[in-house]
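Here's the structure we're looking at; comments come further down.
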Amino acid sequence: MVSAGAGTTDVATAEAVGAAFRQLVGSDPAGVWAAPGRVNLIGEHTDYNDGFVLPFALEQQVVVAAAPRTDGTWRVRSLNRRQTESFGPDDLVPGRVEGWAAYVAGVVWALVEAGHTVEGADLVLGSDVPSGAGLSSSAALECAVLTTLVDLSGLEVAPLDRARLARRCENEYVGAPTGLLDQAASTLCEADNALFLDCRSADTRQVPLDLADAGLELLVLDTKTPHSHVTGEYGDRRRSCEEAAAVLGVPALRDVPVDELDAALERLPDDEMRRRVRHVVTEDARVLEAVAVADAGRPADLAPLLDASHVSMRDDFEITVPTVDLAVETARKAGAHGARMTGGGFGGCIIALVPAGRSDEVGEAVAAAFAEAGHGAPAWFVGRPSAGARRLS
Ligand code: ADP
Ligand code: MG
């Protein structure tokens with residue numbers, strides 16, 4: 001098994017962060033906390049259309065050892081970065097702390113903005129969530145730090161509010177315009193379940209995902225394709241969707257019923273917009289169908305939905321790239337029941353539903369196809385639906 005976090009895996013344990021904490025601070029941590037990365041099973045570019053998503057949390061996580069400080073400042077060490085950063089109350093202004101420490105300062109800032117009193121702290125963190133691969137290492141970092149500081153300061157913050165505060169950190173302190181999906185998954189997911197999230201109401205529900213029971217596993221493969229043009233293309237897609245909703249006279253594309261899709265498409269001015277709308281409306285329907293088959297204990301029936309989602313992203317929403325398409329195609333030929341790109345697009349990861357125990361075989365087939373086509377080597381692991389943010393000790 002090739003881990004996408006290879007080389008950093010050993011720092012994401014309670015023992016590793018505890019030992020590093022003792023070295024940095026000279027005493028034991030008050031506790032150890034963790035929050036996971038996530039993968040989106042289905043529901044791509046539906047979030048900003050007020051629609052549905054279905055992520056699950058990964059085993060890969062950010063682990064934090066921490067204890068209060070008495071001087072009202074924060075010091076944080078990342079074992080992955082081999083760096084220690086400090087900030088104080090004056091730095092709780094967006095833009096003041098930059099780089100990776102902004103994800104930590106931004107969490108303190110969001111808590112303070114919400115009216116909480118946050119105690120100073122020493123924090124040491126280690127992560128085995130691959131960074132920048134679309135598996136949400138950023139939300140894992142925010143949610144791990146948030147759950148740590150909430151406990152250390154004895155605060156009462158409801159689970160969904162924790163996710164909202166972590167999102168606020170990312171949107172307003174770090175400055176990345178993302179939806180609630182990542183932080184909701186990292187905070188609210190439960191082991192052996194996916195999380196159904198209605199992005200309009202923020203209602204959530206656990207959806208059972210017992211893949212092992214069905215003789216299946218879910219391969220997560222990082223194509224390692226560098227994302228290019230992501231911000232511009234993302235903005236274009238978003239604008240297209242908003243314009244289409246305005247033409248159709250609905251608040252968001254979520255309000256176009258799938259059985260009225262053809263009539264809606266006829267009212268749109270051009271073919272490109274029709275394809276964009278068709279992706280979003282059918283993708284929402286596929287999420288609902290995925291929830292239905294998972295609820296019914298038939299995870300094998302997710303496969304055709306994954307396939308259809310990929311085709312829709314490739315042909316209608318046009319957010320895939322050749323390496324991603326090659327990975328999906330090869331995975332299927334190598335025995336995957338179904339596969340799709342996951343994440344915002346233009347690179348990143350694919351997921352494939354494969355017979356239990358066959359992830360390596362499928363991963364190796366993709367690696368061989370990549371080598372033949374002159375692409376760099378992918379990395380992969382089995383994605384196991386895991387628990388959200390929690391205290392470990
Ligand atoms: P993704 O969330 O898909 O992994 P992002 O670009 O949103 O990608 O977040 C990656 C950023 O999160 C990194 O550039 C870094 O600033 C921060 N980060 C993630 N993991 C760590 C870590 N272990 N230590 C320090 N910073 C981290
Ligand atoms: Mg991120």
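These numbers were taken from a predicted model, which means no experiment stands behind them. Atoms within each ligand, like the ligands themselves, are counted from 1 in listed order. One-based numbering along the sequence shown. Keep in mind that the numbers below use all heavy atoms, side chains included, and drop hydrogens, waters and symmetry copies.
Looking only at heavy atoms of the protein, atom 24 (N) of ligand 1 is closest to S78 OG, 2.8 Å. Annotation: atom 17 (C) of ligand 1 to nearest protein heavy atom, Y103 CE1, 3.8 Å. The nearest heavy-atom contact from the protein to atom 21 (C) of ligand 1 is L141 CD2, 4.1 Å. Scanning the protein heavy atoms around atom 7 (O) of ligand 1, the nearest turns out to be S138 OG, 3.1 Å. Given atom 26 (N) of ligand 1, the protein heavy atom at minimum distance is W100 CB, 3.2 Å. Nearest to atom 14 (O) of ligand 1 among the protein's heavy atoms is R81 NH2, 3.5 Å.
Residue-to-ligand polar distances place G132 within reach of ligand 1: an N/O pair is separated by less than 3.5 Å. Polar contact with ligand 1: absent for G99 (N/O pair, distance under 3.5 Å).
When each of D198, D47, D50 is checked for a salt bridge (Lys or Arg N to Asp or Glu O under 4.0 Å) with R254, only D198 meets the rule.
Counting heavy atoms from C-beta outward, R96 and W109 have side chains that stay 4.5 Å or more apart. Proximity of D222 to I350: side-chain heavy atoms (C-beta onward) are nowhere separated by under 4.5 Å.
The ligand atoms of ligand 1 that sit less than 4.0 angstrom from a heavy atom of L135 are 3 (O). Less than 4.0 angstrom separates some heavy atom of N80 from each of these atoms of ligand 1: 23 (N). Atoms of ligand 1 lying under 4.0 Å from any heavy atom of P130, numbered from 1 in the order shown and given with element: 4 (O). Atoms of ligand 1 lying under 4.0 Å from any heavy atom of G134, numbered from 1 in the order shown and given with element: 3 (O). Heavy-atom contacts of S127 reach the following atoms of ligand 1: 23 (N) (cutoff under 4.0 Å).
No side-chain N or O of H279 forms a donor-acceptor pair with one of D315 less than 3.5 Å apart. No hydrogens or angles considered: a donor-acceptor pair under 3.5 Å links the side chains of D325 and T320. With no hydrogens or angles considered, no side-chain donor-acceptor pair links R384 and Q60 at under 3.5 Å.
Among the atoms of T178, no N, O or S atom is found under 2.8 Å from the Mg ion (ligand 2).
Between atom NE2 of residue H337 and atom CG of residue L218 there is a gap of 11.5 Å, rounded to the nearest 0.5 Å.
Contacts of S137 with ligand 1, taken as heavy-atom pairs under 4.0 Å, involve both backbone and side chain.
In summary, the aromatic rings of F196 and F56 are positioned with their centroids too far apart to meet the 6.0 Å limit.
Ring orientation note: the planes of Y234 and H45 are tilted relative to one another, at an angle of 30° to 60°.
E217 contributes no side-chain N or O that, together with a main-chain N or O of V382, makes up a donor-acceptor pair within less than 3.5 Å.
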